[in-house]
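Below is one structure, written out as structure tokens, with a few remarks after it.
Below, read A as the first sequence line, B as the second, and so on, with proteins coming before strands; counting in each chain starts at 1. Owing to the predicted nature of the structure, the values given are computational and were not obtained by experimental measurement. These numbers come from the heavy atoms of this one structure, side chains and all, not from hydrogens, waters or symmetry mates.
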Amino acid sequence: MGYRVSYEQADRLLQTWQKQYRIYAPKRFAGRGWKPGTDMIRYGEIQSFRDVAYTEQSHFSPKDVVAPIMQTMLSFTADEVKVSSIDDRGILLLARPCDIHGIHRLDKIFLKNGGQADFYYQRYREKVKFVMIECREGWDHCFCVSMGANRTDDYSMAVRFGPDDLLIEVRDEDFADSLAGLPAVDFTPEFVSQDKKPVQLPVIKNPEQLKAAYDLPMWAEYNDRCISCGSCNTVCTTCSCFDTIDVIFSETSRDGERRRVWSSCMLESFSTMAGGHAVRKTPGERMRFKVLHKVHDYRSRFGGDEHMCIGCGRCDIRCPEDISFVDAVNRLSAAMAGQAVVVGTKEEI
Amino acid sequence: MENIMLPSGAKIIDIIHETTAEYTFRVAYDQPIRHGQFFQLSIPKVGEAPISVSAKGEGWIEFTIRKVGRLTEGLFGLQPGHTIFLRGPYGNYFPIESFDNKALVVIAGGTGLAAVRSLLRHYADNRADIRDVYLIAGFKDINSVLFTQDLQRFRETFNTIATLDNMTAPGFSTGLVTAHIPSIPFAELGDCNVVIVGPPLMMRFASEACIKNGADPDNMWLSFERKMSCAVGKCGHCKINETYVCLEGPIFRYTKAQELLD
Ligand SMILES: Cc1cc2nc3c(=O)[nH]c(=O)nc-3n(C[C@H](O)[C@H](O)[C@H](O)COP(=O)(O)OP(=O)(O)OC[C@H]3O[C@@H](n4cnc5c(N)ncnc54)[C@H](O)[C@@H]3O)c2cc1C
Ligand code: SF4
Ligand code: SF4
Ligand code: FES
């Protein structure tokens, strides 16, 4: 069922929904971009549909709504541990199809991996309902179709934003009542059907081929350019890694907190153990680790067709050194295509 | 909703000073655990770290900890009666069902001995369950020797070589563990399992030496150490290819370990 809704009407709906939900969407933060004089678009709670920055892709992904950059896990007093609490309300999350897929990827890690769900993720995630922001064109830098992340039906409502009004499709009965009586129209969202620059995915079928992918000379080329800043991980919807840190409020205090903070596999310290022994010492080795996780390891662990990467392209936009993840994946794929015959198992040759 | 990362408090019963940099903490604990598993051990406000169970008994388990950083240093400041926080046990364990009634070779370097101590104690207590045990335990010098009492028992019960890197002392051989591998009669042991724990380079050279001397790579087991923040497959730190060391490890068959590319 579809409706045409003015921004004024939409904001009245928003106020109704806010009684039960906190509503998150990409918002514009003027002058806060990473280059001087640019804006930052990232997720935040909205008070009006006019707040939604829908004409551009958000620079940061919606993941911090379900996996905050920093969250308090426990608080400590002298002999007691107390689990932190969060807002009881539900969460309405406005997100494009690729990012909804991205949250599903996070679900695999946080809810499925190891056979047990992570409490600190689940408590946010189980509150989330998606409002899909229709995405029909994509951008020059994204490749959701290549990654199979262009379409989804996991949404309660879908919205097409226009300059004067919104088209809303409702699929979830919980929201049907609040829209009833508004002008009905025929609206079902459309999806991107072709990438501007499709990406080739690598074919890696066995340990020998994986070894060949590891040994490619291309990885060393990143040693000179990548500054190991981790920005690419930070903007990525599907990067889920974190650190756990304990903080005390002051040197003399007996009270403190255990916190979870985002971590990044591109940082030198990510694999460093006590004594300074690091498993991946060079930027090239870390680039290899990241790329292979995104387009090989995740799928080989969880099976199915889906890779970890959803093709949002944010990492390419964000890299201060103009390093392209897309190029790395394409080069890897080309190299593996050339090598498949040489390193394939006997059956395949 | 269960919180799998919630630690619970446990009382320290005793603290044994093994060396100046390694203490063993005996902690009250009465749940079942398997040989080779580890816990996430923490002190509120200081931090959390993965530590192997080095021994278990009625109502207690022991951790042997090397002082290297924030948490481990914090632990060294505690006294019996104090509380530490635990969550676990985590990780896989030594497949003792397939070790039983065969020969077992254990090669351990430094604090690595902590990770196999509970396995060795098990077979010292149940000597009839295992055919022969060959233990090579390497330490830097006489001041770095761990588990003096257990070592004495292992010497009495197993074929034991305790060796110091480059120092002579009564009761000890001299040289790296690899120097003593040729003295293990692999050819006569038949169906035998090999367990190797220690620093990465030591594990590599020791594995190669064992294979060269006739060990079967399929029956060799290594214990991996990786940075870990969660121990439950969520934080990503311990991942190697599609494998999570905290979930599928820390113990890997040598042939699997060869496929793990960082
Ligand atoms: C499965 C498993 C079992 C283990 N069992 C044992 C055991 O039985 N006994 C034992 O003693 N240890 C064991 N360890 C190792 C133990 O977990 C680490 O020594 C411990 O995490 C150190 O914690 P910490 O807080 O004291 O050190 P931290 O203060 O956390 O210091 C170490 C950390 O600081 C950083 N760091 C330190 N030095 C440097 C440097 N030079 N450059 C850059 N960064 C640096 C690194 O991020 C490193 O992880 C085990 C590890 C694993 C994975
Ligand atoms: S790796 Fe890059 S393109 Fe893929 S999901 Fe992450 S940020 Fe998006
Ligand atoms: S690839 Fe770019 S964004 Fe990522 S760590 Fe390297 S320099 Fe930073
Ligand atoms: S330690 Fe966190 S995933 Fe293994």
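Your options are B:Cys238, B:Ser229, B:Cys246, and the one with the most heavy-atom pairs under 4.5 Å with chain A is B:Ser229. In terms of heavy-atom pairs under 4.5 Å with chain B, the best-connected choice from A:Met73, A:Arg288, A:Gln122 is A:Gln122. Counting heavy-atom pairs under 4.5 Å between each of B:Glu259, B:Lys234, B:Glu2, B:Lys227 and chain A puts B:Lys234 at the top. No other option in A:Gly256, A:Cys241, A:Cys239, A:Ser271 has as many heavy-atom pairs under 4.5 Å with chain B as A:Cys241.
For B:Thr243, the part lying near chain A is the backbone, with the side chain staying farther off; criterion is any non-hydrogen pair under 4.5 Å. In this structure, the portion of A:Lys112 lying under 4.5 Å from any heavy atom of chain B is its backbone and not its side chain. Contact annotation for A:His277: only side-chain heavy atoms (C-beta onward) come within less than 4.5 Å of a heavy atom of chain B. Looking at B:Gln258, neither its backbone nor its side chain comes within 4.5 Å of chain A, counting heavy atoms on both sides. The contact between A:Glu126 and chain B is made entirely by side chain atoms (from C-beta outward), counting heavy-atom distances below 4.5 Å. Contact annotation for A:Ala117: only backbone heavy atoms (N, CA, C, O) come within less than 4.5 Å of a heavy atom of chain B. In this structure, chain B has no heavy atom under 4.5 Å from any part of A:Ile245. Residue contact with chain A, scored on non-hydrogen atoms closer than 4.5 Å, involves the side chain of B:Pro200 exclusively. Neither the backbone nor the side chain of A:Ile204 comes within contact range of chain B; no heavy atom of the residue lies under 4.5 Å from a heavy atom of that chain.
Residues A:Arg286 and A:Ser228 have side chains that bring a donor and an acceptor to within less than 3.5 angstrom of each other. For the residue pair A:Gln71 / A:Ser84, no side-chain donor-acceptor distance below 3.5 Å is found, with atom types taken as modelled. Donor-acceptor pairing under 3.5 Å is lacking for the side chains of A:Thr244 and B:Glu48. In this model, no donor atom of one side chain and acceptor atom of the other lie less than 3.5 Å apart for A:Thr234 and A:Arg318. Side chains of B:Tyr254 and B:Asn219: no donor on one and acceptor on the other come within 3.5 Å.
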Step-by-step salt bridge (Lys or Arg N to Asp or Glu O under 4.0 Å) determination, B:Asp262 to B:Arg226: CA-CA 10 Å; B:Asp262 283 296; B:Arg226 284 294 178 278; 2.7 Å; yes

Chi angles and distances behind the side chain to side chain contact (heavy atoms under 4.5 Å, CB included) call for B:Phe205, B:Leu201: CA-CA 6 Å; B:Phe205 290 124; B:Leu201 275 182; 4.1 Å; yes

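When the heavy atoms of residues 62-83 of chain B are compared with those of chain A, the residues falling under 4.5 Å are B:Val68, B:Arg70, listed by number. Taking 4.5 Å as the heavy-atom cut-off, the residues of residues 300-309 of chain A that approach chain B are A:Ser300, A:Arg301, ordered by number.
Heavy-atom minimum distance, B:Phe38 versus B:Pro50: CD1-CB, 3.8 Å. Nearest heavy-atom pair, A:Met266 versus A:Gly230, reported as atom, atom and distance to 0.1 Å: CB-CA, 4.1 Å. Of all the heavy atoms in A:Leu267 and A:Cys229, the pair that sits closest is CD2-O, 3.7 Å. The two residues A:Tyr222 and A:Ala328 have their closest heavy-atom pair at OH-CB, 3.2 Å.
Under the 6.0 Å distance and 45° angle rule, B:Lys239 does not count as a cation-pi partner of A:Tyr298.
At most 12 heavy atoms of other shown residues, nucleotides or ligands fall within 6.0 angstrom of atom NZ in B:Lys212.
Residues forming a side chain to side chain contact (heavy atoms under 4.5 Å, CB included) with B:Leu261 (at least two apart in sequence, or on another chain): A:Leu210, A:Lys211, A:Tyr214, B:Asn241.
Listed by first and then second residue, the salt bridge (charged side-chain N to carboxylate O under 4.0 Å, His left out) pairs involving residues 265-275 of chain A amount to none (not counting sequence neighbours).
Partner A:Asp118 forms a salt bridge (charged side-chain N to carboxylate O under 4.0 Å, His left out) with one of A:Arg123, A:Arg125, A:Arg260 and no other, that one being A:Arg260.
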